[in-house]
Amino acid sequence: RAAGALGAALEQLGAFEAAVELNRHGIELDAHAEIFHRGLLRAYLALGHKAEALEAYRRCRELLLAGLGVEPSREMRELHARIRDS
């Protein structure tokens, strides 16, 4: 939870590269924690890295389906649509 809050704080400060690194590390520790995947997508979007954001969503979806048998949350799907349509 603390790492998620730190990621949000980094985003608010405009430290998007640091947010990318923090969220990547969070995903390494817990590949099914959507909070890190959402943070990664938001940071990539803020940096204008659309291709990386789309790939990160694809990977998140793959991890959730393979590991938990679930699709990404509505919030993740909406963020994906925002990225895709940008």
d(R42 CZ, L47 CG) to nearest 0.5 Å is 13.0 Å

Kindly give the heavy-atom pair with the smallest separation between I35 and N23, and that separation in Å. O-OD1, 4.1 Å

With rounding to the nearest 0.5 Å, note down the distance linking CZ in F36 to CD1 in I27. 8.0 Å

Atom CD of E71 and atom CG of L65: how far apart are they, to the nearest 0.5 Å? 4.5 Å

SB check E62 R58 (cutoff 4.0 Å): yes

For H32, does the NE2 atom sit with more than 12 other heavy atoms under 6.0 Å from it, leaving out its own atoms? yes

Parallel under 30°, tilted from 30 to 60°, perpendicular over 60°: which one fits the rings of Y57 and H80? parallel

Nearest heavy-atom approach of A19 to A43 is CB-CB, 4.0 Å

Minimum-distance pair of heavy atoms, taken over all atoms of C60 and M76: SG-CE, 3.5 Å

Please report the interatomic distance CD(E21) to CG(L40), rounded to the nearest 0.5 Å. 9.5 Å

At their closest point, which heavy atom of P72 faces which heavy atom of E34, and how far apart are they? CA-OE2, 3.3 Å

Less than 4.0 angstrom from a charged side-chain N to a carboxylate O is my criterion; do R24 and E28 meet it? no

Quick one: closest heavy-atom pair of G39 and E11, and the distance? CA-OE2, 3.8 Å

Using atom types as modelled and distance alone, determine if a side-chain donor or acceptor of K50 lies under 3.5 Å from a backbone N or O of S86. yes

Distance col, row L41:CG vs L54:CG, nearest 0.5 angstrom, shows 8.0 Å

Supply the atom-to-atom distance L64 CG to S73 OG, rounded to the nearest 0.5 angstrom. 8.5 Å

Do Y44 and V20 have side chains that get closer than 4.5 Å, going by heavy atoms? yes

